[in-house]
Amino acid sequence: MAGGMNLFGIFMLQLMVLALFSLHAEGQGLKVGFYKKSCPQAEVIVSKVISDVMAVAPSLSGPLLRMHFHDCFIRGCDGSVLLDSPTNQSEKFSPPNLSLRGFNIIDRVKLALEKACPDVVSCADIVALVARDVTVATKGPYWEVETGRRDGNVSLFIDPITPVTGLPSFASNISVLKQSWALRGLNTKDLVVLSGGHTIGISHCSSFDSRLYNFTGKGDTDPTMDPNYIARLKLKCKPNDLTTFAELDPGSFKTFDDSYFKLVTKRRGLLQSDAALLDDPETRAYMIQATSEGSTFFKDFGVSMVNMGRIGVLTGSQGEVRKVCTKSN
């Protein structure tokens, strides 16, 4: 009986989350060119700032792309991940977000937009536009970003680490990943396509060292990982190393391409959640297709980013347009 009640509780929680996100799951109120009249140069301004940043700090491309994902998966795409807290109790300070970088770049973009068009462009839209522009700057695809989001004013430390509804872990299996995406109205194809964003960026050794040194608690390695790759990673990452990092896509981590999928299919995915994509027929088939002639990955990535950008958005008179992205008006 207790087990049945637990399952029922989880089911009800899922229904509540679905209701929360489906309220605006279709991105109602969003459209391409939302600022055409109110701030005609908005996207040009964002693009210029990002171009300048990428010229001197290309390593920020991965974190800035990931910031959009971390924002949208918690409370929807409302800029809540940007909010500061005097007691460090906002999303930004929650463990899954401690590796995010580039908040100062969002501030820099906001400052430029406020100078041109005060109180017009939301921080949530800035995060979405920046994600597109860092992708383009790293030779990835361009897509039309729907805008018109408003900023939320609630940001809680607990949300990203809440079971089921929080951010999926780098150690998640395929069932957990599919469930997490489904709760946000995204499908399995969106999951594998958006995972392709790992073609740029890095990860700290602490995110995958258990795969190298203590996979089942017996001092063993992950049997699903290429042994030669494990040997190379051990040269870089020592046990309990909290500072060193490794490239998610070795050799081209500053270039948006399809090599991430090639690595994962060769059992060289860095994170357990990368390797998990081999455990589902649909995600595995897509990875093979993504590295073959006629691949649709670049086009698909833009489509899935638009889908993700519609999660739980605030539009119209909801929320606010923050003057400063780190604090509510």
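Just so you know, these numbers use all the heavy atoms, side chains as well, and skip hydrogens, waters and symmetry mates. Worth saying up front: this structure is predicted, and the values here are computed from it rather than measured.
Looking at Arg284 and Thr265, their side chains never bring a donor and an acceptor atom within 3.5 Å of each other. Of the N and O atoms on the side chains of Ser328 and Glu320, at least one donor lies less than 3.5 Å from an acceptor on the other residue. Between the side chains of Ser252 and Ser259, a donor-acceptor pair is found at a separation under 3.5 Å.
Asp125 pairs by the salt bridge (charged side-chain N to carboxylate O under 4.0 Å, His left out) definition with Arg149, not counting sequence neighbours. Residues meeting the salt bridge (charged side-chain N to carboxylate O under 4.0 Å, His left out) test with Asp107, sequence neighbours left out: none.
Side chains of Pro168 and Gln179 form no contact here, defined as non-hydrogen atoms less than 4.5 Å apart. At a threshold of 4.5 Å between non-hydrogen side-chain atoms, the residues Ile200 and Leu65 count as touching. Side-chain atoms of Thr326 and Leu83, non-hydrogen and from C-beta on, never get closer than 4.5 Å to each other. Residues Thr147 and Leu30 have side chains not in contact (no heavy-atom distance under 4.5 Å, counting atoms from C-beta outward). Looking only at side-chain heavy atoms (C-beta outward), Gln41 and Val44 come within less than 4.5 Å of each other. You'll find the side chain of Glu146 reaches within 4.5 Å of the side chain of Arg310, heavy atoms only. The side-chain heavy atoms of Asp119 and Asn329, taken from C-beta on, include no pair separated by under 4.5 Å. Taking 4.5 Å as the limit, every side-chain heavy atom of Asn240 sits out of range of all side-chain heavy atoms of Tyr213.
Transitive grouping of hydrophobic side chains (ILVMFWY, heavy atoms separated by less than 4.5 Å) brings Leu113 and Val53 into a common cluster. Tracing side-chain contacts under 4.5 Å through hydrophobic residues (I, L, V, M, F, W, Y), one reaches Met54 starting from Trp143; they form part of the same cluster.
For the side chain to side chain donor-acceptor pair (under 3.5 Å) condition, the pairs that include at least one residue of residues 226-237, sequence neighbours left out, are Asp226-Arg268. Applying the side chain to side chain donor-acceptor pair (under 3.5 Å) test to pairs two or more places apart or on separate chains, those with a residue in residues 287-299 are Thr296-Asp300. For residues 164-203, the pairs satisfying ring pair (Phe, Tyr, Trp, His ring centres under 6.0 Å) are Phe69-Trp181, Phe73-Trp181, His198-Tyr260, with sequence neighbours left out. Pairs engaging residues 36-63 under the salt bridge (charged side-chain N to carboxylate O under 4.0 Å, His left out) rule: Glu43-Arg132, Lys48-Asp52 [sequence neighbours left out].
In this pair, His204 and Phe245 present their aromatic rings perpendicular. The plane angle is above 60°, beyond the 30 to 60° band.
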Practice item. Report the C-alpha distance between Asp190 and Ser304 in whole Å, list the side-chain angles of each, state the deciding distance to 0.1 Å, and finish with yes or no for side-chain hydrogen bond (donor to acceptor under 3.5 Å, both in side chains). Key: CA-CA 5 Å; Asp190 291 319; Ser304 288; 2.7 Å; yes

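Relative to the six-membered ring of Tyr286, Lys189 misses at least one condition, a distance below 6.0 Å or an angle of at most 45° to the axis.
Between Lys92 and Asp84 there is a salt bridge, since at least one side-chain N of the basic residue sits less than 4.0 Å from a carboxylate O of the acidic one.
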